Amino acid sequence: MTHIGRYRLGAPIGEGAMAQVFLAHDPSIERSVAIKVLRQELRGDPEVVRRFLAESRAAGMLSHAHIATIYDVGQSDGIPYIAMEHIDGEPLDKLLENQGRLTTERVLTLSMQIADALDFAHRHGVVHRDIKPSNIMICDGGRTAKLLDFGIARIDALGGAYGEREACKTVVGQIMGTPRYMSPEQAMGMPVDKSSDLFSLGSVIYEMTVGKPAFPANGLASLAIQIAQGSPIPVGEAVSDCPQGLRFIIKRLLAKKPAERFASAGAVKNALALELITLRQDRDVRRRGITLRGKLSLTLALTAAVALGGGASLVLDRQRSALETMALTSASSMTNFVARNVAVKMAENASLPVDQQDWLPLQAFAETASAQGDVHLLTVADDRGFIRASNRTALVGRHLANAATGDVAMLGADGFRLTRMVRYAGHDFGRVDMMLGRDGLDGAMRTVELLLLALSTFVVLVVAAASYVTAQQLSSPLRRLNKALGDVADGNTAFRLSHRRHDEIGKLFDTFNELVETLERDQPGQRDNAVSDATVIFAPPAVPTQKVA
């Protein structure tokens, strides 16, 4: 057989109890599809053919990202077929066989997608009835699950006698495929609904988590008994790294009574989503096992350190700018002082011939002035640019190149450089150049930095100590509450948490006491026994009666 309908058949890619699956090509839209063809030995039974085609009518109503899409259904030369989406992936059963158990995050992610698909189908009146790993295709690099094969699905909306007849046909002996994932209702031949899909989903999630089937019995009879009456090995005993929340979800899905399972697949999806969020949040916490006191102290201390560091950096920047401005102003004042004091003498010399000019007083003044403060260089030049006085005598008599023509004030890495023109009676007679060191400024900044560092360290330590004490006060009532919860879990409700608090902790204690009151009301027998015991304990001793003759 090379063609069926308009489809050109290729290699077989799967086989089930009812049908064979071939990779095919649809020439009308030039795409690959999967063609499911009813097995030859079943084509002579009209009821089987009808049920096979009913699969497409059920699944064809469903358009969902995690459900394989049905494109076409029909018969060609008496051969019933279904054309569906070809999914390039690996069945979940093969994946588990090759890799073993999956990581918790992957289990939660894939389970959420399957639960979402089931919720969509259930809301459209379709029950799958055959949830198992071989009907779940994993694709997109292992990130996406797609639900296949609504092979024994039914439409609830049909209802009535037809629905009852269809439900009764799906009994233990007529389940298509592996019955290992049946619900107790299916195992006992009872009518099933969407709750049966949830039990099967729980079996699949159990196997993904543990790496082994929830019900490993061999043989249909023993397997049916195990599903209906037995319990799987608890997940916590089978694997130690499964979160408690996921254990609860699996346990509730595998409840024997449908009423004890989740109300809907949507509720399962929401529970799985919350567990996934919690898992990722816990994974993002880098430091584990730290007590509440340590966490709170460390967090607040680091917060204070960051805040103080930012504030100190801003303060130091403003402080440096202010000190530089003050130093530059002081240096400018000193340069002006020198320029005023040498002005008269330079004006006198300017009016004399060169051989009669006397610069010794200026030299003496320059040496005296440079001894005051951190003066690195002081030069006094005449109007022709020759140095006439300097604290560095080797410079006297030299000519200044690129002489400044106006007042200049600069701050560099080496210090302050200032130039002032010597003016007298409205005329310029030379200039004064002065360079002051910045050792004093840098020393002052280092002092400020050390003080801020000491202050910041002190504040951080105070914050850490205060937060530690606060956390200690908080952890003490939490430990008390934790112990009380443990006592209640052990069945002891004959106590109350006394307190005089008016804060949130006090409200928490009050809520706990109300919870214990409710538990006692829900257990009247135990309460009556407790009252009887108390009566016996506190009954007055019997008074002996005197026998009357």
Side-chain angles (χ1 to χ4, degrees), residues 104 108 209 231 233-255 260 262 270-272 274-303 462-539:
T104 301
L108 291 170
T209 303
S231 298
I233 299 174
V235 177
E237 296 181 11
V239 290
S240 59
D241 59 348
C242 180
Q244 188 172 357
L246 180 56
R247 298 180 202 174
F248 169 78
I249 293 173
I250 296 174
K251 181 178 179 181
R252 188 168 177 184
L253 285 171
L254 294 179
E260 295 176 357
F262 284 89
N270 293 336
L272 291 167
L274 289 175
E275 190 62 26
L276 182 60
I277 292 172
T278 303
L279 177 71
R280 289 173 175 171
Q281 288 176 344
D282 290 343
R283 185 185 60 193
D284 293 338
V285 178
R286 297 181 179 180
R287 300 184 63 89
R288 299 177 182 272
I290 302 178
T291 62
L292 177 61
R293 290 169 292 180
K295 288 180 180 178
L296 186 58
S297 301
L298 183 61
T299 300
L300 292 182
L302 288 177
T303 302
V462 169
V463 170
S467 58
Y468 184 87
V469 172
T470 302
Q472 176 70 22
Q473 295 177 348
L474 180 62
S475 61
S476 178
L478 289 180
R479 287 195 301 269
R480 184 182 173 197
L481 179 61
N482 183 60
K483 183 180 182 304
L485 289 171
D487 291 340
V488 172
D490 292 337
N492 178 19
T493 58
F495 70 96
R496 299 294 182 271
L497 289 177
S498 301
H499 68 92
R500 296 182 180 179
R501 306 179 67 113
H502 301 284
D503 54 4
E504 288 78 4
I505 297 294
K507 293 179 181 178
L508 189 61
F509 284 177
D510 291 337
T511 303
F512 172 84
N513 291 337
E514 293 173 3
L515 174 63
V516 176
E517 290 278 358
T518 303
L519 290 175
E520 285 195 327
R521 284 197 300 269
D522 292 342
Q523 300 173 347
Q526 295 184 9
R527 187 175 182 182
D528 292 342
N529 292 336
V531 172
S532 299
D533 293 342
T535 304
V536 172
I537 293 172
F538 294 104

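Nothing here was measured: the structure is a model prediction, and the numbers come from that model.
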side-chain hydrogen bond (donor to acceptor under 3.5 Å, both in side chains) pairs, two or more places apart, involving residues 503-516 |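 Sorted result for residues 503-516: H499-D510, R501-D503.
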
Starting from the C-alpha separation in whole Å, work towards a yes-or-no answer on side-chain contact (heavy atoms from CB on, under 4.5 Å) for L302 and L298.
-> CA-CA 6 Å; L302 288 177; L298 183 61; 4.0 Å; yes

Nearest 0.5 Å, what's the [atom1]-[atom2] distance between [X] and [Y]?
X    : Y    : atom1 : atom2 : value
L254 : S231 : CG    : OG    : 9.0 Å
L276 : T104 : CG    : OG1   : 10.5 Å
R480 : L485 : CZ    : CG    : 12.0 Å

Just wondering, are more than 12 heavy atoms of other shown residues or ligands nearer than 6.0 Å to CD1 in I233?
->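 It does not: I233 CD1 has 12 such atoms or fewer within range.
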
Worked verdict on L279 versus L108 for side-chain contact (heavy atoms from CB on, under 4.5 Å) = CA-CA 10 Å; L279 177 71; L108 291 170; 3.9 Å; yes

Could you report the tightest heavy-atom contact between [X] and [Y], atom names first, then the distance?
X    : Y    : answer
P243 : E275 : CB-OE2, 3.2 Å
I249 : F262 : O-CE1, 3.8 Å
S467 : L300 : CB-CD1, 3.2 Å
V239 : T209 : CG1-O, 4.1 Å
R247 : S240 : NH2-O, 3.8 Å
E260 : R252 : O-CG, 3.3 Å

